[in-house]
Amino acid sequence: MVASLSLPRIMRVGRGATDELGDVITGLGLSRPLLVTDAYLAGTGAAEHLSATLKNAGLYPRLFSETVPDPTTDSLIAGLKALHDHEADVVIGFGGGSPMDTAKALALLGLQGGHMRDYKAPRINLGPALPVIAVPTTAGSGSEATQFTVITDSTTDEKMLCQGPAFLPLAAVVDVELTMSMPPRLTADTGIDALTHAVEAYVSRKANSFSDSLALAAIGTIGRHLRRAYTDGGNAQAREAMMLAATQAGIAFSNSSVALVHGMSRPIGAHFHVAHGLSNAMLFPAVTAFSAHGAPDRYADCARALGAATAADSDNAATDKLVDALRSLCRDLKVPTPRDHGIDQNTWTRLTPLMAEQALASGSPANNPVVPTTDQIQDLYSRIYA
């Protein structure tokens, strides 16, 4: 099998990397960045600080801070206006997955026009698009290195997966210092998100030797450092390790794919406004248990990389230990069930058939070691509720 691999052309990784953002942009011959971020980063002054850095480099930035969690087609309207009004020649996604996903969508729509529904999977989007530079502030989404964006249709509440090289950032600037103030809940949710990316990249039917090596490296790093980052947010070593692992996991799944957890996670986020990493965490142990018999050797490798099993364990025993380790991790990081999160059971039950249909339609479950039926997805939704 020939693997088709895509990575950002430029990556700056390490402490203080954001100080080099201006040099990256000028080196590309660009000068009018639209800095896409959220109200939180604008309120803390982080966005203004980054904007000042760009101005000091001789650039002409404009700040757009109206992104929303789990961006919607409606939320893109003001961003497109800002993009065109500024005559931007590059888009910077500064923040977690939502600002980066927004930046990717704006970069494509800014040149091609149309509606995001025109670009959703299974379409592969080749471009054209404005160049995107991704500057993550959380250690989880990996969006800085992926050829995916997820945008919710404001009319139907469908979380649309859009894919292709048009969405791959031209450059990624990964600076651990931006993650040091992440609160425990965000640290937990984004950390489990990164772990989900790595495991699903490794067990995916589209896995390859390139993605495998990055996925296993990320799994091992997360296993050693996520709990430490959660309990001690000031632990610089743990923070730095998690930041690198999130990027590695992003590269891994961008070059293989995600699978059933993500397919089922997106509808939960769309209908109940649950953060993406948290909805992944709610599903992760149960979906792993359901899927494991389809690739016990692959899941066993994940268990050993995570530190949940050893070479002395059989593949089946290691896989069982992986499921137990994921349950333990979710307990330690206080991951709530949908019920504990405040989701009404009647509404959950009523929407379950629709969520199952949307999960399958996204295409991600087809990459799973066990490709589920609609009924099996509905059963998994029912099981994880409480």
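Every value quoted in this text rests on a predicted model; they were computed, and no experiment measured them.
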Can [X] and [Y] be counted as having a side-chain donor-acceptor contact under 3.5 angstrom?
{"X": "Asn255", "Y": "Ser211", "value": "no"}
{"X": "Ser257", "Y": "Ser204", "value": "yes"}
{"X": "Ser143", "Y": "Lys104", "value": "yes"}
{"X": "Thr247", "Y": "Glu144", "value": "yes"}
{"X": "Asn367", "Y": "Ser364", "value": "no"}
{"X": "Ser51", "Y": "Arg62", "value": "no"}
{"X": "Thr73", "Y": "Ser154", "value": "yes"}
{"X": "Ser265", "Y": "Asn280", "value": "yes"}
{"X": "Arg123", "Y": "Gln163", "value": "no"}

For the pair [X] (side chain) and [Y] (backbone), establish whether a donor and an acceptor sit closer than 3.5 Å, ignoring hydrogens and angles.
{"X": "Arg298", "Y": "Tyr202", "value": "yes"}
{"X": "Thr221", "Y": "Ala218", "value": "no"}
{"X": "Glu200", "Y": "Ala259", "value": "yes"}
{"X": "Thr196", "Y": "Ile192", "value": "yes"}
{"X": "Asp332", "Y": "Arg227", "value": "no"}
{"X": "Tyr299", "Y": "Leu322", "value": "no"}
{"X": "Arg239", "Y": "Val176", "value": "no"}
{"X": "Asp118", "Y": "His115", "value": "yes"}
{"X": "Ser98", "Y": "Asp70", "value": "yes"}
{"X": "Asn235", "Y": "Asp232", "value": "no"}

Answer yes or no: is there a side-chain heavy-atom contact under 4.5 Å between [X] and [Y]?
{"X": "Ser75", "Y": "Glu66", "value": "no"}
{"X": "Met355", "Y": "Phe272", "value": "yes"}
{"X": "Val274", "Y": "Ile343", "value": "yes"}
{"X": "Leu329", "Y": "Leu226", "value": "yes"}
{"X": "Pro338", "Y": "Gln345", "value": "no"}

Do the side chains of [X] and [Y] get close enough for a salt bridge, i.e. N-O under 4.0 angstrom?
{"X": "Asp324", "Y": "Lys321", "value": "no"}
{"X": "Arg15", "Y": "Asp175", "value": "no"}
{"X": "Lys81", "Y": "Asp85", "value": "yes"}

Using side chain to side chain donor-acceptor pair (under 3.5 Å), reason through Asp340 and Thr337 one step at a time and then give a plain yes or no.
CA-CA 5 Å; Asp340 293 340; Thr337 64; 3.3 Å; yes

Let me know which of Arg117, Gln358, His271 forms a side-chain hydrogen bond (donor to acceptor under 3.5 Å, both in side chains) with Glu158.
Arg117

dist Arg304:CZ -> Asp301:CG (nearest 0.5 Å) comes out at 6.0 Å

Provide the closest heavy-atom pair for Ala236 versus Met180 in the form atom of the first, atom of the second, distance.
CA-CE, 4.0 Å

Under 6.0 Å between the ring centres of Tyr119 and Phe167?
no

